[in-house]
Amino acid sequence: MAGSVSAMAEVPEKPTLDGLEARWRDRWERDATYRFDRSKERSAIFSIDTPPPTVSGSLHMGSVFGYVQTDCIARFRRMRGEEVFYPMGWDDNGLPTERRVESFFGVRCDPSLPYDPAFEPPAEPDRKRPVPCSRPNFVELCLRRTAEDELVFEDLWRRVGLSVDWTLTYTTIGPKAQRASQRAFLRNLARGEAYAAEAPTLWDVTDQTAVAQAELEDREQAGALHRYAFRATAGGEPVTIETTRPELLPACVALVCHPDDDRYRHLVGSTVTSPLFGVDVPVHTHELAQPDKGTGVAMICTFGDVTDVIWWRELDLPVRNILERNGRLRPEPPDAITTNPGRAAYAELAGKTTKQAQVRIVELLREAGELEGEPRPITHPVKFYERGDRPLEIVTSRQWYIRNGGRDADLRKALLSRGEELKWHPGFMKSRYDNWVGGLNGDWLISRQRFFGVPFPLWYRIGADGSVDHADPIVPDEDLLPIDPSSDVPPGFTADQRGVSGGFVGDPDIMDTWATSSLSPQITCGWEDDADLFGRTFPMDLRPQGPEIIRTWLFATVVRSHLEHDVLPWSDASINGWILDPDRKKMSKSKGNVVTPVDLLERHGSDAVRYWAASARPGTDTAFDEGQMKVGRRLAIKLLNASKFVIGVGEGAADVDPDAVRQPLDRALLAEVADLVDEATTAFEGYDYARALERTEAFFWTFCDDALELVKGRAYGSLGPTASASATTALRLSLSTLHRLFAPFLPFVAEETWSWWQEGSVHRAPWPDVAELRASADGANPLVLQVATAALAEVRKAKTTAKRSLRTEVTAAVVRDRPERIAALRLAADDLRESGRIVSLELVEAADGEPSVEVSLAEPEPAAS
RNA sequence: GGGCGCUUAGCUCAGCUGGUCAGAGCACCUGCCUUACAAGCAGGCGGUCGGGGGUUCGAGUCCCUCAGCGCCCACCA
């Protein structure tokens, strides 16, 4: 720690937190304090797979919460001597960005339009009447918008003091991410892990794209049960069914009941005829048909829900599709409707939305006398795209999938054992992974019928008859990636062959955003692009993230790494908790009362907000509490003042001689500091930053209130230079340790106070060395500090109880205690006498009986005139 | 319906492998200008550790059960 004093800042007369954030964030940028040094060996590197935040909105406190917790871990590791690989990414591709751009600029993407180099969005966006633009124009607007959003995000992250290396920043729409996504996909394809299939798919009729299982959510919706009967084709009793989707009657392909249901046994194997449409459909049995639901007989339509899909597949039923991709009924009836009344009834429904069609078909059924009773209102769970506002439909379409164990028991088992292999923090979060992987019911659907995303790097040949050959796609060379098949031309073809017979056509779809972000380790670590970096950083050490994206991001990343590298993408995953608002509800942007991070940072300061975030136990939901931020701010101020005192009393020199600590009390203090370092280090190693903070903070306050007070007078020199040096040295060793223990949590104030007396950044300083502290504390008797503190507390209590100033002189104090404690106190008697302003201190050994302290106070001075 | 988590002072939460574990901070009350800090210091009030069983010499701490809250998942008739 030797160095020139001149390089150090002055200790300010009146320390303040004002201006610390701006000063140090600029300094850290200028000094490249957090720059990753890629010359280090893998064993010396700690690599963090940071969640790329979605930049299509604004950051809220939930994001700050989790990222700060990760930053504390990163800072600890860096001080511990590991080279921290800590990049930030922006998730800017996909539907959220498209929506934001549509509403921000007042435009709408129309892929049929040609590129217009001069296109400019309307000066005054009209969301009701968006201006159509070509896909390339639309993508340009997306890029323009996200670039601006990303600057705002970066500013906030710098403001909260995230120690990321900003030179490593990536975006999920950027060329690196596109190249990695396309390469990974092509390799999946080559190995048979990616495949295209024409299949019933959950479909969002608003965005007109397929969605994946992981993006679904159930919402309780109002609906109604409608009853009507099918007539037995061969005559006999009609069979009544109950349905919430009467409008799908023309798409009915069968009825189904449970195999053990005796009520309908006679119908199984026969056909029944649908009302209104007169279509004959078979009656089947299936285990999933529940006798106690509805009438016990269900109508199978193509497709009303995912159960229909299961029945359709397992009972080998035909497709009778009536829904278009925009959510409206097709203009023409299915071929199975052959009767004139049936076709006339369908004509009443054609072109309507499912909602409108439902209203109309109920009228038709009622008019025909087919409706039994009136519809009974119910509420029931309905599947939605998590970002959508209309119920999902199921349509048959050609989509790309990646195998994820949803249809393959061996792969599922392998992925479950990856979950076992991964170290979870906290451990109980693993069950979410197990639940999800165990409950998968299909492969991972990665294609989206949208515009702003990574295109599938494929073309298809067009036959002489104009038909597209999907079975044998044309694949680009990996070296050419990334490519855009809608503008790039496949090898052996020319541009004018696009879309014509004998020519080619590009795959029109893009990949879902998770198909890219699941490759964040590959993207950041330089997979195939930078083998040297990759070797030093992959597999990564830590994946920090929220619990809600275990099923998406975490799982998908495990899948990709397992398939591509046969390894876990990281050794550890730390899962943060939720922020709850004061009503114990999850904080969400939709509520108007959410405070913005910037507002809080301005009001309380970055260190204070970080203190609040770092106080929350890993994985534990935490109330949003500005009170905690105020506590954090007070802590930071206290650190300023205590530092000013300790540095000042030590005459400003950075050098300390550890051998100068001679006094038993001082050694006892250092022994406690060493214990603290042990505890904080162990906690941090287990990713429990909150415990490390709590212990450090608790120690710091007693350090200020007790240890500092006990030795203050001696430090000033009341017992001579040697005793003073012992005190100041112990205080300075303690303070230096505390600065470093606080640095991960309160990076701004720790850096500020460190700069007053030390060279370089505290964030690159070595984590405190327990062995050094123990050496200075050699032979310490912890009782000395404990007993002295307890005795001082009794003296203070006597003064406070008498409502006298703590400066009041004690004429006589008698301490009675067990012999070993009296012996310990005798070693600190001078310090106790001075800090308690005790004139006459008597120490009495009492082998038995309660320890006691008798305090006699000086008479109060006469009231001053 | 299944899974996970939570339930400790008015509030926010610690209590790690059962034996000074009944704690901290905030709030509240009472004092104190004490030469690092009044954005401070000293002291005080305050809880049958959700209910009920059980294991044990001994249980916030382990087991069972019930209740409430939260989150995730589940085949929408």
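Residue numbers start from 1 in every chain, and the chains themselves are labelled A, B, ... in the order their sequence lines are given, proteins ahead of strands.
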Asks: Tell me, with the steps shown, if Glu809(A) and Arg837(A) meet salt bridge (Lys or Arg N to Asp or Glu O under 4.0 Å).
Replies: CA-CA 5 Å; Glu809(A) 200 164 77; Arg837(A) 294 182 165 251; 5.9 Å; no

Asks: If pairing requires Watson-Crick or G-U wobble contacts with both distances under 3.5 Å, which nucleotide is the partner of rC33(B)?
Replies: none

Asks: When the C1' atoms of rG46(B) and rG10(B) are compared, how many Å lie between them, rounded to an integer?
Replies: 9 Å

Asks: Taking syn as any angle within 90 degrees of 0 and anti as the rest, which one fits rG53(B)?
Replies: anti

Asks: Take Lys383(A) and Glu217(A) through the test salt bridge (Lys or Arg N to Asp or Glu O under 4.0 Å) and record every step on the way to the result.
Replies: CA-CA 6 Å; Lys383(A) 290 212 180 306; Glu217(A) 66 183 29; over 6 Å; no

Asks: Contact class for Gln290(A) (heavy atom, under 4.0 Å): base, sugar-phosphate, or nothing?
Replies: base

Asks: Roughly, in whole Å, what's the span from CH2 in Trp757(A) to C1' in rA36(B)?
Replies: 14 Å

Asks: How would you label the contact of Glu709(A) with the nucleic acid (heavy atoms, under 4.0 Å): base, sugar-phosphate, or nothing?
Replies: base

Asks: rC41(B) and rU35(B): how far apart are their C1' atoms, nearest whole angstrom?
Replies: 15 Å

Asks: When the P atoms of rA59(B) and rC76(B) are compared, how many Å lie between them, rounded to an integer?
Replies: 46 Å

Asks: How would you label the contact of Ala289(A) with the nucleic acid (heavy atoms, under 4.0 Å): base, sugar-phosphate, or nothing?
Replies: base

Asks: Provide, to the nearest angstrom, the distance between the CD atom belonging to Gln213(A) and the C1' atom belonging to rC72(B).
Replies: 13 Å

Asks: Within the sub-3.5 Å range, which N or O atoms of nucleotides 2-4 of chain B have a protein N or O partner, and how far apart are they?
Replies:
from   : atom 1 : to        : atom 2 : distance (Å)
rG3(B) : O2'    : Asn435(A) : ND2    : 3.1

Asks: Distance check, P atoms only: rC71(B) and rG25(B), in whole angstrom units.
Replies: 32 Å

Asks: Would you mind telling me which residue lines up with the more 5' stretch of RNA chain B, Thr307(A) or Asp625(A), judged by nearest nucleotide?
Replies: Asp625(A)

Asks: Could you state the atom-to-atom distance from CZ of Phe624(A) to C1' of rC26(B) in whole Å?
Replies: 16 Å

Asks: Just how far, in rounded Å, is C1' of rC76(B) from CG of Leu202(A)?
Replies: 11 Å

Asks: Searching all strands shown, indicate the nucleotide that pairs with rC6(B) (Watson-Crick or G-U wobble; both distances under 3.5 Å).
Replies: rG68(B)

Asks: What integer distance in Å separates Phe645(A):CZ from rC41(B):C1'?
Replies: 14 Å

Asks: What residues form a side chain to side chain donor-acceptor pair (under 3.5 Å) with Asn435(A), not counting sequence neighbours?
Replies: none

Asks: Report which part of the nucleic acid Arg551(A) touches: base, sugar-phosphate, or nothing (heavy-atom distance under 4.0 Å, all strands).
Replies: sugar-phosphate

Asks: Side chain of Arg691(A) only, please: which of rA36(B), rG15(B), rC76(B) is the nearest?
Replies: rG15(B)

Asks: Return the value, rounded to whole Å, for the distance between atom CG of Leu440(A) and atom C1' of rC73(B).
Replies: 11 Å

Asks: Measure from NZ on Lys638(A) to P on rG40(B) and round the result to the nearest Å.
Replies: 8 Å

Asks: Of the options rC76(B), rA36(B), rG43(B), whose atoms approach the side-chain atoms of Asp305(A) most closely?
Replies: rC76(B)

Asks: Using heavy-atom distances to pick each residue's nearest nucleotide on RNA chain B, tell me which of Val256(A) and Gly619(A) is more 5'.
Replies: Gly619(A)

Asks: Counting Watson-Crick and G-U wobble pairs only, both distances under 3.5 Å, name the nucleotide matched with rG1(B), or none.
Replies: rC73(B)

Asks: Under 4.0 Å, heavy atoms only, any strand: does Lys14(A) hit a base, just the sugar-phosphate, or nothing?
Replies: sugar-phosphate

Asks: Do Thr702(A) side-chain atoms and Phe699(A) backbone N/O form a donor-acceptor pair below 3.5 Å?
Replies: yes

Asks: Regarding rC76(B), can its base be found pairing with the side chain of Lys383(A) as donor and acceptor, where the two atoms are less than 3.5 Å apart?
Replies: no

Asks: Return no unless some side-chain N or O of Lys630(A) is found under 4.0 Å from OP1 or OP2 of rA39(B).
Replies: no

Asks: For atom C1', what is the distance between rU48(B) and rG5(B), given to the nearest Å?
Replies: 26 Å

Asks: Take atom CZ of Arg407(A) as the centre, draw a 6.0 Å sphere, and report whether it contains more than 12 heavy atoms from other residues, nucleotides or ligands.
Replies: no

Asks: Is any NZ, NE, NH1 or NH2 atom of the basic residue among Arg245(A) and Glu393(A) found under 4.0 Å from an Asp or Glu carboxylate oxygen of the other?
Replies: yes

Asks: Select base, sugar-phosphate, or nothing to describe what Ile637(A) touches, counting heavy atoms under 4.0 Å on all strands.
Replies: base

Asks: Going from CG on Asp204(A) to OH on Tyr385(A), what distance comes out if it is rounded to the nearest 0.5 angstrom?
Replies: 7.5 Å

Asks: Now, which nucleotide makes the Watson-Crick or G-U wobble pair with rG25(B), with each of the two distances under 3.5 Å?
Replies: rC11(B)

Asks: So if I take every side-chain heavy atom of Lys797(A) and compare against rA74(B), rC76(B), rG43(B), which nucleotide ends up nearest?
Replies: rG43(B)

Asks: Would you tell me whether His739(A) and Thr753(A) have side-chain atoms, one donor and one acceptor, within less than 3.5 Å of each other?
Replies: yes

Asks: What's Val631(A) touching, base or sugar-phosphate or nothing? Going by heavy atoms closer than 4.0 Å.
Replies: sugar-phosphate

Asks: Please determine, for the side chain of Asn441(A), which listed nucleotide (rC75(B), rA36(B), rU35(B)) has the closest atom?
Replies: rC75(B)

Asks: One character per nucleotide, please: for nucleotides 27-32 of chain B, 5' to 3', B when the base has a protein heavy atom closer than 4.0 Å, S when only the sugar-phosphate does, - otherwise.
Replies: ---SSS

Asks: May I ask you to say what Glu694(A) touches in the nucleic acid, namely base, sugar-phosphate or nothing, with a heavy-atom cut-off under 4.0 Å?
Replies: sugar-phosphate

Asks: Does the side chain of Phe384(A) reach to within under 4.5 Å of the side chain of Glu215(A), using non-hydrogen atoms?
Replies: no

Asks: Taking any heavy-atom pair under 4.0 Å as a contact, classify Asp308(A): base, sugar-phosphate, or nothing.
Replies: nothing

Asks: Between Trp701(A) (CH2) and rA42(B) (P), how many Å, whole number?
Replies: 9 Å

Asks: With Cys257(A), which of Leu267(A), Val239(A), Thr285(A), Thr295(A) fulfils side chain to side chain contact (heavy atoms under 4.5 Å, CB included)?
Replies: Thr285(A)

Asks: Rounding to an integer number of angstrom, what distance separates rU55(B) and rU12(B) when you compare their C1' atoms?
Replies: 34 Å

Asks: When the P atoms of rG70(B) and rC29(B) are compared, how many Å lie between them, rounded to an integer?
Replies: 34 Å

Asks: Can the positive tip of Lys630(A) be found less than 6.0 Å from the middle of the six-membered ring of Tyr611(A), inside 45° of the ring normal?
Replies: no

Asks: Ring-plane angle category for Tyr716(A) and Phe645(A), please: parallel below 30°, perpendicular beyond 60°, tilted otherwise.
Replies: perpendicular

Asks: C1' atom, rU7(B) versus rC49(B): distance in rounded Å?
Replies: 10 Å

Asks: What's Leu225(A) touching, base or sugar-phosphate or nothing? Going by heavy atoms closer than 4.0 Å.
Replies: sugar-phosphate

Asks: Would you say the rings of Phe700(A) and Phe742(A) are close, in the sense that their centroids are separated by under 6.0 Å?
Replies: yes

